[in-house]
Amino acid sequence: METWSLVSICVLLGVTVRWSVSLNSYSGAGKPSMFGDYEAQRHWQEVTYNLPVQEWYVNTTDNDLNYWGLDYPPLTAYHSLLCAHVAKLINPEWVELHKSRGYETPAHKLFMRATVLVADLLIYIPAVVLYCFYLSDGSPKKKVCTLLCFLLYPGLILIDYGHFQYNAVSLGLALWGVLALGLGWDALGSLAFSLALNYKQMELYHALPFFCYLLGKCFKQGLMGRGLFLLVRIAGTVLVTFALCWLPFLSDPSQALQVVRRIFPVARGLFEDKVANTWCSLNVLIKIRTILSTDSQLYLSFAFTLLALLPSSIRLLTKPTFWQFKLALVNSSLAFFLFSFQVHEKSILLPALPVCLLLNDLPLMAIWFLQASTFSMLPLLLKDGLLVPYVVTFLAFLLLGTYLLSALEHCSEDELRLGGYHRLLFCLPRLDLACIVRWKFYCSIAVMAGLSLACVALVPPPQLPDLFPVLVSAFAFLHFLGTLIYFNIVQFSGPPSRKSLKKSN
């Protein structure tokens, strides 16, 4: 009973932090004519409520696709329609066709923020609670500490409740999928992840680990017996889920193709803004977008993404354990973020989710990455006027995470899973890798703090107006590349030893 009281307090604290951040500004506030993501979400409610389904993704006189046209899968559109019906009951002006463009009032902001919180309470937060208590090792106290840190991850809070998006819906559905697979409910896990993929196409970042884990499990059970039955059941679940989500668009193949074109806009280019991935960082030295055609960029990113994905995916296919699955989720999503086509800075939330799953297992490395992921979005957060929420949530997560999870105390080479590095660096004198990692962590946090201060307090030279955003993205990119290498090495090492689990508890 005492444990569940602590859980209630953790959830209440998580909700309080979320609502406190929501009181601040949002993307595009008071900035006509396009405004920002807040207006995009409101506009989708306007479009889905007033137009027939067949026109949602099509350019018409009533639906200008150049003005925040729908570019997410059908489940996002249905969610917008549901919110629109509620908005219509409260104030019809909020979703009035054409006339509601750029609508901004305190009452409407309250409604929009509330829709994010309700989605969080219904989908994301319950999945986090259940994962921490049913699929995390350790004492009840350790599980409560993990839960609090999971709920207070600043990156997701700042984007959903500050910038304004519904990332917790797709991430929450994906987490329900992870939870179901961890409990052995493979068909339900497939259903949940299919819903996540039909809400946001970026869930493709997590798709290959789900596929390899389930296929590997089928192979393990034997494709001439139970494995075949499981494979048929999973395939049937996925096909039926997709068919139901896409049902309104399947009567006309050209209409379904138009939705696919909107979901995967190749014409937008290799990356947008100053995202902390390989291509943006490399573009500082070699102007890739100028040298290569769009098709060449597409093939190049596909080839590198596939190469980065293969080792982790093959390992998972041959050893389909839940530990391998969690690590493959990190490696797959990071490979997509670092090398794939059309990456946004907010896409770092996709690797952040599986890293949160490892807060209990590898606390220092998880906290380090989650801090870097939040830091990588600093230019976007400053543009939205979210400096104060960024500083407060960043520091709170750092202090609470390192204290509650004893991250700096439990960082021996065994607990950090650094044995693989010694095997790779066999030709060098044996180094105290645990000490090196701790000092790198301290230096990294110090540089993040310094660059954050520089972005706010200093004016860049006129000839280098993007100096600080470029430095932020390049520094964060080094963290993400290092994290991808680290988690690949951990995945190819053995499972966590009982000795290290006992120490962390």
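All values below were derived from every heavy atom in this structure, side-chain atoms included, with hydrogens, water molecules and symmetry-related copies excluded. On a predicted model such as this, the values are computed, not experimentally measured, just so you know.
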Flag the pair [X] / [Y] as yes when at least one side-chain heavy-atom distance between them is below 4.5 Å, and no otherwise.
| X | Y | answer |
| --- | --- | --- |
| W323 | L358 | yes |
| R233 | L230 | yes |
| L309 | F336 | yes |
| S313 | C212 | yes |
| F477 | V275 | no |
| L175 | F150 | yes |
| L181 | L214 | yes |
| S194 | T237 | no |

Quiz prompt | Pairs satisfying side chain to side chain donor-acceptor pair (under 3.5 Å), at least one member in residues 214-232, at least two apart | solution =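 As it turns out, the side chain to side chain donor-acceptor pair (under 3.5 Å) pairs with a partner in residues 214-232, which skip direct neighbours, are D186-K217.
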Quiz item: Could you give all pairs that pass the side chain to side chain donor-acceptor pair (under 3.5 Å) test and reach residues 116-130, with sequence neighbours left out?
Solution: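 As it turns out, the side chain to side chain donor-acceptor pair (under 3.5 Å) pairs with a partner in residues 116-130, which skip direct neighbours, are R18-D120, D120-Y161.
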How many angstroms lie between [atom1] in [X] and [atom2] in [Y], if you round to the nearest 0.5 Å?
| X | Y | atom1 | atom2 | answer |
| --- | --- | --- | --- | --- |
| S373 | L353 | OG | CG | 11.5 Å |
| L370 | L349 | CG | CG | 10.0 Å |
| L418 | D432 | CG | CG | 9.5 Å |
| L6 | C145 | CG | SG | 9.0 Å |
| S281 | I286 | OG | CD1 | 12.0 Å |
| S376 | L381 | OG | CG | 9.0 Å |

Exercise. I would like to know whether W368 and S444 meet side-chain hydrogen bond (donor to acceptor under 3.5 Å, both in side chains); could you show each step before the answer?
Key: CA-CA 9 Å; W368 192 356; S444 168; 2.9 Å; yes
Hey, could you give me each pair passing salt bridge (charged side-chain N to carboxylate O under 4.0 Å, His left out) that has a residue in [range]? Not counting sequence neighbours.
| range | answer |
| --- | --- |
| residues 475-490 | none |
| residues 275-284 | none |
| residues 299-317 | none |

Any sub-3.5 Å donor-acceptor pair from [X]'s side-chain atoms to [Y]'s backbone N or O?
| X | Y | result |
| --- | --- | --- |
| Y57 | P73 | yes |
| S406 | E409 | no |
| T305 | F339 | yes |
| S332 | Y205 | yes |
| N277 | C280 | yes |
| Y131 | L357 | yes |
| N488 | L484 | yes |
| Q297 | L292 | yes |
| S136 | F133 | no |
| W44 | A77 | no |

Other residues, nucleotides and ligands only: do more than 12 of their heavy atoms fall within 6.0 Å of [atom1] on [X]?
| X | atom1 | result |
| --- | --- | --- |
| F242 | CZ | yes |
| W19 | CH2 | yes |
| F264 | CZ | yes |

Write down the atom of [X], the atom of [Y], and the distance for their closest heavy-atom approach.
| X | Y | result |
| --- | --- | --- |
| D137 | K142 | O-CG, 4.4 Å |
| T402 | F441 | CG2-CZ, 4.3 Å |
| T115 | F164 | OG1-CZ, 4.5 Å |
| Q491 | S312 | OE1-OG, 2.7 Å |
| S473 | A276 | O-CB, 3.2 Å |
| C411 | L416 | O-CD1, 3.4 Å |

Quiz prompt | Result of checking Y72, F193, W246, Y78 against N198 for side-chain contact (heavy atoms from CB on, under 4.5 Å) | solution =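 With N198 as partner, side-chain contact (heavy atoms from CB on, under 4.5 Å) holds for just one option, W246.
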Quiz item: Pick one: which of L359, L148, L147 meets side-chain contact (heavy atoms from CB on, under 4.5 Å) with L404?
Solution: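 The passing option is L148.
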Self-check item: Steps toward side chain to side chain contact (heavy atoms under 4.5 Å, CB included) verdict (F304, L300)
Solution: CA-CA 6 Å; F304 272 85; L300 181 69; 3.4 Å; yes
Quiz item: Where does the angle between the aromatic ring planes of F322 and F325 fall among parallel (under 30°), tilted (30 to 60°) and perpendicular (over 60°)?
Solution: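 Rings of F322 and F325: tilted, 30 to 60°.
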Quiz item: Would you call the rings of F480 and F337 parallel, tilted or perpendicular, where under 30° means parallel and over 60° means perpendicular?
Solution: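 Rings of F480 and F337: perpendicular, over 60°.
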Quiz item: Could you walk me through whether S452 and Y390 pass the side chain to side chain contact (heavy atoms under 4.5 Å, CB included) check?
Solution: CA-CA 10 Å; S452 298; Y390 163 77; 3.0 Å; yes
Quiz item: Under 3.5 Å, is there a donor-acceptor pair linking the side chains of T374 and Q371?
Solution: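 The answer is no; no qualifying pair exists.
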Quiz item: Does the side chain of Q165 pick up a donor-acceptor pair with the side chain of Q41 at under 3.5 Å?
Solution: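 Side chains of Q165 and Q41: no pair found under 3.5 Å.
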Quiz prompt | Electrostatic pair D361:K326 at N-O distance under 4.0 angstrom | solution =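 Judged by the 4.0 Å cut-off on N to carboxylate O distance, D361 and K326 do form a salt bridge.
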Practice problem: I would like to know whether I159 and L380 meet side chain to side chain contact (heavy atoms under 4.5 Å, CB included); could you show each step before the answer? | Solution: CA-CA 9 Å; I159 293 301; L380 175 69; 3.9 Å; yes
Quiz item: Could you walk me through whether W176 and L130 pass the side chain to side chain contact (heavy atoms under 4.5 Å, CB included) check?
Solution: CA-CA 9 Å; W176 278 107; L130 291 175; 3.4 Å; yes
Quiz prompt | Working for side-chain hydrogen bond (donor to acceptor under 3.5 Å, both in side chains), residues K200 and N167 | solution = CA-CA 8 Å; K200 279 199 175 183; N167 291 290; 2.7 Å; yes
Quiz item: Is the ring centre of Y166 less than 6.0 Å from the ring centre of Y199?
Solution: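 Here the rings of Y199 and Y166 have centres that are no less than 6.0 Å from each other.
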Quiz item: Under 6.0 Å between ring centres, would you say that holds for H206 and F210?
Solution: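 Between H206 and F210, the centre distance exceeds or equals 6.0 Å.
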Self-check item: For K346, salt bridge (charged side-chain N to carboxylate O under 4.0 Å, His left out) partners two or more places apart
Solution: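 Residues passing salt bridge (charged side-chain N to carboxylate O under 4.0 Å, His left out) with K346: D37.
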